[in-house]
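See below for the structure under consideration.
Counting starts at 1 for both ligands and their atoms, in listed order. If you read the sequence from its start, that first residue is 1, and numbering goes on from there.
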Amino acid sequence: MPTQILNTVKQEVTQLLRELIRIDTTNPPGNETQAATYLAHYLASVGFKTEVIESAPGRGSLITRLKGTGEKPSLLLLSHLDVVAADPNEWTVDPFAGTIKDGYVYGRGAIDMKSMTASEVLVMELLKKNNVKLKGDVVLAATADEEQGGEEGAGYLLKHYREKIWCPYVINEGGGLAVPTEKGNVFTVQTAEKGILWLKIKAKGTPGHGSTPNTADNAIMRIYKVIDKLENYQPETMYIATLKQYLAEIAKYNPELNEPFARLLANPKQSEQILDELAKKDRALAEEIRPRTKMTITPTMIHGGVKENIIPSECDVVFDCRILPGQNVVKTIDLIKGLLKDVGLEKLTFEFIQMHDGSESSTKTPLYSTIKTVLREFEPNCGVTPELATGGTDSRFFREEGSICYGFQPMIPDEPIDQLNKRMHGIDERITIENLVYGTSILYETVKRFMS
Ligand SMILES: [Zn+2]
């Protein structure tokens, strides 16, 4: 048997995850140094030299490296140490206790993404222990700040310590979950992410008394027009390579989708109607595909007015706009301003809260082939598909610097995928110990195979 489930690491990887969950790295403020230091001690105990680098006090990231012969390009095993907040009152267990119950490890970060940190550490340990002859360096980085954009973590390290962290290949979070079908599991590999443009648009007017509306210039009404214009805008449909491959792979496992997917691809201008039709049969699938075919722009916050009888002179709205890889934030800003011309641009101000382009890695690489081969050895009938994420991860920093990045934490869903997804950043986040061992086993085999 070339591939096997590594049951021998079960204790270690489970314990490592529990210890990481017990170190509260809720971001903000993060306090990742404590977790980075814990990992440094752990790795030192199994023979690794490590470094903890802080971007600011308490904001530590851990880096270690296994040297190869240099015959192959290096590979980075990336993860983030910070987590989003958890309200203990909403959970059935303490989110920071690392509780084991019914075969699960519970806790904030159990999936996103301390489990993958634990797996990656185990992979490093096994490569060393088993004396795997590496042809390229394998680097491990467990970083700060991903949940707040990553500028204090992966972004900082790439800017200031590029020689320590940059690799041509990166494995990170964001994919790996199997989608069960009647013909077998289809595993996702995150190869692309949408870009982000968070913008606040503020309208200026002139105040007045609520009883005499014609004497004032109501800022709320101007913002109403802004929302109306952007809500009625029909963004152009674009099919990126990742989406086309995703549709093809899903259809292989669900032949009844061949026809609607072929129509969708052939008729980008009718994409909304075709997806509406598909939604009648499979709403989850249609709504999975829809935001991946175009940019989206959604109002998420609004502020205006101070008193019942005062017409406000100021009102603002925040939009969460997500653009496809290949689209560009600067052009998108121009486009939005163009749409708002007749609302009165001179009375609007724009603030850009966060902005960066989307990113995409090709699947025509030796690492993608290795992932596919290894998965098929573990699961002979499985499919493997690239996936475009609507949200972002630290992979974007590396793709901007030319790395091939894949989000890949192999996992078999233990409950319906929409329920499982709700736990990430939600209540009672958990992972089965079985999946923890499964993910570690596949990751180890992939790295070993790719680097030797
Ligand atoms: Zn994450």
So, using side chain to side chain contact (heavy atoms under 4.5 Å, CB included) as the criterion, who are the partners of Arg399 when residues are at least two apart?
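With neighbours one apart ignored, the set is Gln190, Glu193, Ser359, Ser361, Ser395, Cys405.
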
Please determine whether Glu147 has a backbone or side-chain N, O or S atom lying under 2.8 Å from the Zn ion (ligand 1).
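It does not: Glu147 brings no N, O or S atom closer than 2.8 Å to the Zn ion (ligand 1).
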
I'd like to check the salt bridge (charged side-chain N to carboxylate O under 4.0 Å, His left out) partners of Lys101; sequence neighbours left out, ordered by chain and number.
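In terms of salt bridge (charged side-chain N to carboxylate O under 4.0 Å, His left out), with neighbours along the sequence ignored, Lys101 is linked to no residue.
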
Tell me whether the count of non-hydrogen atoms from other residues, nucleotides or ligands lying under 6.0 Å of CD in Glu182 goes above 12.
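Atom CD in Glu182 is not packed in, count stays at 12 or less.
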
With a sphere of 6.0 Å drawn around CD of Glu256, does it hold more than 12 non-hydrogen atoms of other residues, nucleotides or ligands?
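Buried by this count: over 12 neighbours within 6.0 Å.
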
Which of the N/O/S atoms in [X] sits closest to the Zn ion (ligand 1)?
{"X": "Asp112", "answer": "OD1"}
{"X": "Glu173", "answer": "OE1"}
{"X": "His80", "answer": "NE2"}

